[in-house]
Amino acid sequence: MLKTLKLYDTMDKSLREISAIDKKSVRFYCCGPTVYGPAHIGNFRTFVLQDIFRRTVELSGQKTKHVRNITDVDDKTIRESQASGQSLTDFTKKWAHQFHIDCQKLNLLIPDIEPLATEHIPEQINMIQTLIDKGLAYQSKDGSVYFDVSEFKDYGRLSKINSRELKEGASKGLNDSDEYGKDSLSDFALWKSIKAEDGDNFWESPWGQGRPGWHIECSAMIKKHLGDDFDLHSGGVDLIFPHHENEIAQSCGSSGKPFANHWFHITHLMVDGGKMSKSLGNLYTISDLEGRGYHPMIVKYSLIMGHYKQTLNFTFDSLNAAKIGLDRLAKLKSELIGLAGSMPACDRYKDFVKEGPVNLGFFNKAWCSLLEDLNTAKALGALFSAVKELESGIRGKTLGSKEAGKHLKGLLFISEALGIKIPTIEEQHVQIPNKIKELAKQRWQAKMNKNWKEADRLRKELESSGWQIKDLKDNFEILPL
RNA sequence: GGCACGGUAGCCAAGUGGUAAGGCCGGGCUCUGCAAAAGCUCUAUUCGUCGGUUCAAUUCCGACCCGUGCCUCCA
């Protein structure tokens with residue numbers, strides 16, 4: 001019998017089991033990126049956790065339906081596309097493509113559906129019309145449409161904010177209520193009437209030309225692809241208010257039915273103990289870190305070193321720790337393969353989904369940690385306790401071939417659950433130029449002749465070319481520095 | 001001001017009403033022409049501060065100090 005994932009629910013403030021409402025598949029929605037530039041590692045912390053959520057659910061034996069949108073129209077995409085001289089479509093396509101490349105580098109599973117906001121304008125208009133018909137929304141003089149928060153009693157339930165506090169908010173003067181003519185400060189835009197600076201970026205609607213508000217995009221896409229009520233909705237903590245609160249108001253308001261059954265929010269990433277921001281120069285993208293020599297898998301590893309409900313402090317020290325940790329896993333994997341004689345028949349994500357978490361051996365504790373509120377930090381701790389055991393078993397030659405095979409499978413299972421690709425030593429092997437090989441051979445000769453001076457000189461020369469020599473018992477290895 | 005979360009070794013980070021996972025760094029030792037690698041091993045009497053409850057608190061309660069997030073379009 002398989003165990004089920006228990007996950008914290010922002011709405012209930014408690015751990016709840018994940019199970020499909022329709023008994024068939026866990027339908028979940030992730031607020032995806034707004035494509036106006038490259039996503040940074042903070043964004044990816046969220047996407048990585050959503051990916052691990054899906055993997056854990058699937059590996060524990062449940063099917064999923066994964067929808068993650070792309071927001072390809074909003075103030076920023078319009079502004080930036082104009083600045084770049086490209087059409088909104090060309091511009092957002094470019095950045096959506098970059099996003100997909102980064103996702104692939106991070107070994108994220110591809111969602112079943114990845115809807116674009118601009119391809120769901122009719123659905124959004126329909127929902128807005130329903131809200132107007134139900135008396136939950138109104139049109140202002142300029143043709144914009146607003147949600148009337150005072151008409152929706154449950155408003156603030158997710159974010160635990162009541163309407164009075166909203167009005168007393170400390171974000172003085174930052175709203176554009178004057179510009180758009182809202183009745184109340186807490187009302188939010190469903191449809192924004194066209195403004196001069198929008199250029200060609202507008203759609204026809206019953207209320208004139210304009211474009212949808214941010215929140216309605218998600219509500220409409222969820223309704224279309226997942227239905228009125230579905231299993232889980234997720235995103236970064238900053239989306240709790242107002243984005244998700246507003247989605248609830250729109251969706252429940254228009255359908256009269258429940259919305260997401262479970263809310264999963266991932267806490268922000270910090271850099272060197274502080275907030276990430278462009279102005280501080282501590283906002284990193286996957287490409288930035290690749291440029292500094294950190295493989296995306298190292299970045300991914302460092303993003304799961306803490307529990308998702310906790311702010312995680314990203315530092316280069318932790319990146320280096322991640323790199324070394326990954327190397328250690330790679331070495332163990334190679335050694336286990338060697339001992340077992342072959343890779344297990346079942347070694348890919350799909351195989352594991354079919355087979356489930358059986359015979360995890362030492363890795364069982366790590367898997368259980370994931371089932372306990374996706375505790376990746378604890379899982380990593382348990383993973384390395386297992387690594388330690390196996391390393392000592394390998395050294396002491398107490399680990400048999402059959403045992404090695406079993407543990408290898410456990411290791412592969414847990415790395416699939418985390419979505420961490422462990423390269424084998426062989427896979428890590430890099431092309432060594434012939435010139436370097438020749439120099440290394442010469443150094444070995446010199447060493448054999450006990451010509452230490454010459455051997456050291458050659459090693460220095462190799463090092464200055466970026467290669468390191470590691471002497472073994474009766475031969476040597478060449479490694480990149 | 002309101003709401004929420006957090007402060008655990010040099011760094012990152014789990015955890016629990018009964019006396020602190022794991023990783024990185026660092027130290028010692030073995031090995032070694034040297035170096036690296038590899039192996040062995042050590043590293044928080046203590047969990048922001050001060051009180052309270054308790055046989056027992058880092059873990060529960062209160063106060064305070066510090067940090068972080070959100071408070072209308074930021075993952």
> Taking the side chain of A:Arg395 as heavy atoms from C-beta outward, which of B:rC40, B:rC12, B:rG22 is closest to it?
B:rC40
> Among the nucleotides B:rA75, B:rC24, B:rC11, which one has an atom lying closest to any side-chain atom of A:Thr315?
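Of B:rA75, B:rC24, B:rC11, B:rC11 is nearest to the side chain of A:Thr315.
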> Is a donor-acceptor pair below 3.5 Å formed from side chain A:Asp317 to base B:rG10, judging by atom type as modelled?
no
> With respect to the phosphate group of B:rC12, does any side-chain polar atom (N or O) of A:Asn313 fall under 4.0 Å of OP1 or OP2?
yes
> Tell me whether the rings of A:Phe152 and A:Tyr155 are parallel (<30°), tilted (30 to 60°) or perpendicular (>60°).
perpendicular
> Just checking A:Met276: base, sugar-phosphate only, or nothing, at a heavy-atom cut-off of under 4.0 Å?
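The answer is base, as A:Met276 lies within the cut-off (heavy atoms under 4.0 Å) of a base atom.
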> Is any NZ, NE, NH1 or NH2 atom of the basic residue among A:Asp74 and A:Lys192 found under 4.0 Å from an Asp or Glu carboxylate oxygen of the other?
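Here A:Asp74 does not pair with A:Lys192 in a salt bridge, since their nearest N and O are not under 4.0 Å apart.
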> Between C1' on B:rC11 and CZ on A:Phe314, what's the gap in Å once rounded to a whole number?
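Distance, rounded to whole Å: 14 Å.
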> Got a salt bridge between A:Asp51 and A:Arg54, using NZ or NE/NH1/NH2 to carboxylate O under 4.0 Å?
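No, no charged N to carboxylate O under 4.0 Å.
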> Rounded to whole angstrom, note down the C1' distance from B:rA38 over to B:rU32.
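Their C1' atoms lie roughly 11 Å apart.
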> For A:Gln310, report the nucleic acid contact type (base, sugar-phosphate, nothing); a contact means any heavy atom under 4.0 Å.
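Contact class for A:Gln310: sugar-phosphate only.
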> Would you kindly say whether A:Asp142 and A:Ser193 are connected by a side-chain donor-acceptor distance under 3.5 Å?
yes
> Hydrogens and angles aside, do A:His100 and A:Glu114 bring a side-chain donor and acceptor to less than 3.5 Å of each other?
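Yes, side-chain donor-acceptor contact under 3.5 Å.
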> With a 3.5 Å limit on both atom pairs, tell me what B:rU45 is paired to, counting Watson-Crick and G-U wobble, or say none.
none
> Return the value, rounded to whole Å, for the distance between atom CG of A:Asp238 and atom P of B:rU68.
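My rounded result for the distance is 17 Å.
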> Looking at the side chain of A:Phe241, which of B:rG33, B:rA4, B:rC71 is the nearest nucleotide?
B:rC71
> Which base sits across from B:rU68 as a Watson-Crick or G-U pair, both distances under 3.5 Å?
B:rA4
> So, does A:Lys460 get its side chain near the phosphate of B:rC34, meaning an N or O under 4.0 Å from OP1 or OP2?
no
> B:rU41 and B:rC31: how far apart are their C1' atoms, nearest whole angstrom?
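Between the two C1' atoms, the distance is 15 Å.
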> A:Asp272 has an atom CG; how far is it from atom P of B:rG10, in whole Å?
18 Å
> With both distances kept under 3.5 Å, what pairs with B:rC60, Watson-Crick or G-U wobble?
B:rG52
> Consider the side chain of A:Ala189, meaning its heavy atoms from C-beta on, and name the nucleotide among B:rG15, B:rG69, B:rC73 that approaches it most closely.
B:rC73
> Between A:Asp327 and A:Lys331 (salt bridge meaning N to carboxylate O under 4.0 Å), is one present in this structure?
no
> Given B:rC73, B:rG33, B:rC74, which nucleotide is nearest the side-chain atoms of A:Lys76?
B:rC74
> With heavy atoms under 4.0 Å as the rule, sort A:Gly381 into base, sugar-phosphate or nothing.
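The answer is base, as A:Gly381 lies within the cut-off (heavy atoms under 4.0 Å) of a base atom.
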> Out of B:rA75, B:rG33, B:rC3, which nucleotide sits closest to the side chain of A:Lys160?
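The listed nucleotide nearest to A:Lys160's side chain is B:rC3.
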> Whole angstroms only, please: what is the CG-P distance between A:Leu329 and B:rC24?
10 Å
> Output yes when A:Glu391 and A:Lys388 qualify as a salt bridge under the 4.0 Å nitrogen-oxygen rule, no when they do not.
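Salt bridge: no.
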> In whole angstrom, what separates A:Phe264's CZ from B:rA75's P?
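Rounding to the nearest Å, CZ of A:Phe264 and P of B:rA75 are 17 Å apart.
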> Output yes if the stacking criterion (under 5.5 Å between centres, under 30° between planes) is met for A:Phe384 over the base of B:rG22, else no.
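Not stacked by the 5.5 Å and 30° rule.
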> For A:Gly42, answer base if it contacts any base atom (sugar-phosphate contacts may also be present), sugar-phosphate if it contacts only those atoms, and nothing otherwise; contact means non-hydrogen atoms under 4.0 Å.
base
> Heavy atoms under 4.0 Å, any strand shown: does A:Arg443 hit a base, just sugar-phosphate, or nothing?
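Base, at least one base heavy atom under 4.0 Å.
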> Do A:Asn313 and A:Thr311 have side-chain N/O donor and acceptor atoms under 3.5 Å apart?
no
> Measure from the side-chain heavy atoms of A:Lys275 and tell me the nearest of B:rC34, B:rC25, B:rU68.
B:rU68
> Using heavy-atom distances to pick each residue's nearest nucleotide on RNA chain B, tell me which of A:Glu391 and A:Gly274 is more 5'.
A:Glu391
> Counting C-beta onward and ignoring hydrogens, is there a side-chain heavy-atom pair between A:Phe28 and A:Val57 closer than 4.5 Å?
no
> Rounded off to whole Å, could you give me the CE-to-P distance for the A:Met270 and B:rG67 pair?
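Answer to the nearest Å: 12 Å.
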> Compare the minimum distances between each of B:rC24, B:rC70, B:rG69 and the side chain of A:Ala321, then state the nucleotide with the smallest one.
B:rC24
> Which comes earlier along RNA chain B counting from the 5' end, the contact point of A:Ile266 or that of A:Leu312, where each point is its nearest nucleotide?
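Per heavy-atom nearest nucleotide, the more 5' residue is A:Leu312.
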> Here's a test for you: under ring-ring contact (aromatic ring centres under 6.0 Å, His included), which of A:Tyr146, A:Phe147, A:Phe241, A:Phe188 qualifies with A:His215?
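The passing option is A:Phe188.
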> Tell me what A:Ile469 touches on the nucleic acid: a base, only sugar-phosphate, or nothing, going by heavy atoms under 4.0 Å.
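Base contact.
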> Taking only the side-chain heavy atoms of A:Thr311 (C-beta and beyond), determine which of B:rU68, B:rA75, B:rA14 contains the nearest atom.
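Within the option list, the nearest is B:rU68.
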> Please measure how far the C1' atom in B:rU19 lies from the corresponding atom in B:rC66, and state the result in whole Å.
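Per the computed distance, 28 Å lies between those C1' atoms.
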> Only pairs with both distances under 3.5 Å count, Watson-Crick or wobble alike; so what is the partner of B:rG17 in this structure?
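Partner of B:rG17: none.
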> Take the protein atom CG of A:Leu269 and the nucleotide atom P of B:rC74, then report the distance between them rounded to whole Å.
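The distance from CG of A:Leu269 to P of B:rC74 comes to 18 Å, rounded to the nearest Å.
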> Of all the nucleotides listed (B:rC12, B:rG15, B:rA38), which has the minimum atom distance to the side chain of A:Ser318?
B:rC12
> For atom P, what is the distance between B:rA75 and B:rC70, given to the nearest Å?
11 Å
> Rounded off to whole Å, could you give me the NE2-to-C1' distance for the A:His244 and B:rC71 pair?
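My rounded result for the distance is 16 Å.
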> What distance, rounded to whole Å, do you find between the two C1' atoms, one in B:rU43 and one in B:rU8?
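Looking at atom C1' only, B:rU43 and B:rU8 are 16 Å apart.
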> For B:rG23, take OP1 and OP2 only and decide whether either is under 4.0 Å from a side-chain N or O of A:Asn320.
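It does not, given that no N or O in the side chain of A:Asn320 lies less than 4.0 Å from OP1 or OP2 of B:rG23.
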> Taking only the P atom of each, what is the distance from B:rG51 to B:rA36 in whole angstrom?
50 Å
> Does A:Lys192 make a side-chain donor-acceptor contact with the base of B:rC73, cut-off 3.5 Å?
yes
> Say we look at B:rG26 and B:rC11: how far apart would their C1' atoms be, to the nearest angstrom?
11 Å
> Examine B:rA21: is either OP1 or OP2 under 4.0 Å from a nitrogen or oxygen in the side chain of A:Lys388? Give yes or no.
no
> Taking the C1' atom of each, how far is B:rA57 from B:rG48, in whole Å?
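Going atom to atom, C1' in each nucleotide, I get 16 Å.
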> Find the partner of B:rU30: check Watson-Crick (N1-N3 plus N6-O4 or O6-N4) and G-U wobble (N1-O2, O6-N3) distances, both under 3.5 Å, and reply none if neither fits.
B:rA38
> Under 4.0 Å between a side-chain N/O of A:Arg328 and OP1 or OP2 of B:rG23, yes or no?
yes
> Would you kindly check whether a donor in the side chain of A:His268 faces an acceptor in the base of B:rA75, or vice versa, at under 3.5 angstrom?
yes
> Looking at every strand, decide which applies to A:His40 at a 4.0 Å heavy-atom threshold: base, sugar-phosphate, or nothing.
base
